[in-house]
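Just below is one structure, and these are the notes that go with it.
Each ligand, and each atom within it, is numbered from 1 in the order the structure gives.
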Amino acid sequence: MKVIHTVSALNLALQPFRCEGVEIGFVPTMGALHEGHATLIRKSIEENGCTVVSLFVNPTQFNNSEDLRLYPRTPEEDRQLLQELGVEILFAPSVEEVYPEPDRRVFDFGLLDKVMEGRFRPGHFNGVAQVVSRLFSFVQPDRAYFGEKDFQQLAIVREMTRRLQIPVEIVGVPIVREPSGLAMSSRNQRLSLQEREQASQIYRMLDKSLGLTGEHLPRELAEWVVGEINNVPGLRVEYYEIVDGDSLRPIASWDESDRPVGCAAVYCGGVRLIDNISYR
Ligand code: PAF
């Protein structure tokens, strides 16, 4: 595995693959890798001749400097895992390499970046769009892999790719869960054992809600989920919304959407976790 820190070295390393028409798969990450990332990477390795993984904690997508400071960083463990998985290129640029000048682009994704995460983390998706579009221009992958845990991020990346006409196939990969049901996330590293146990109740309640769609309208069911999760000591719901999975528009009745999805953001102690579940 080549470990590369600059865009020019990345171009040199990719050249032989490009010349031979080898397909390039790309998995952008912020490091602190876990089984969820490994699943994306295995899929990329299966589907492409060369897999590039980026490891870059992107400052422009953090609207809270404390969150950026506390974001887990495990570069040596990450490198070892990527080597074991059989990744061809690890791209770990500095902030200056990705942003030689400040990126002042402002994206407007309509409703997609106004609801849910967009409401509580203003500017977050603008930062995601900035960094993902830059990484795409460096790597020029044939396919790029994103986890469905970040459901709204995936919708934004698809939309950004469409609008900027970037010739890349965006592949969404289902959520990977701990045996307890807790969605895998780098942030889980910040949970104590007791908090992990509490946090596993998030998925338990989402899963339980699947059986209640016949009795409740989406808004009522969302309220039920919020109440149940808030009843668990240590958990505090920031939002739970049932939306159409394509437009992300909140739905008032089940027949308003072919793809209703419930999306949650929940604080467990000081750690903010997100999760989602499909109702169809
Ligand atoms: O999902 C993430 O880890 C990040 O938002 C991403 C896509 C790597 C962009 O920084």
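Among residues at least two apart or in separate chains, salt bridge (charged side-chain N to carboxylate O under 4.0 Å, His left out) pairs with a member in residues 131-142 are Asp103-Arg134. Counting only residues at least two apart or on different chains, no ring pair (Phe, Tyr, Trp, His ring centres under 6.0 Å) pair has a member in residues 151-173.
Taking the charged nitrogens against the carboxylate oxygens, Arg119 and Glu241 do have a contact shorter than 4.0 Å, which makes a salt bridge. Between Asp113 and Arg121 there is no salt bridge, since no side-chain nitrogen of the basic residue lies less than 4.0 Å from a carboxylate oxygen of the acidic one.
Side-chain contact, Tyr203 with Ser180: no donor N or O sits under 3.5 Å from an acceptor N or O.
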Output block, N or O contacts of ligand 1, threshold 3.5 Å exclusive:
from     : atom 1 : to     : atom 2 : distance (Å)
ligand 1 : 1 (O)  : Gln153 : NE2    : 2.8
ligand 1 : 5 (O)  : Gln61  : NE2    : 2.9
ligand 1 : 5 (O)  : Gln153 : OE1    : 2.7
ligand 1 : 10 (O) : Gln61  : OE1    : 2.6

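Among residues two or more places apart in sequence or in another chain, the side chain to side chain donor-acceptor pair (under 3.5 Å) test is passed with Ser257 by Asp244.
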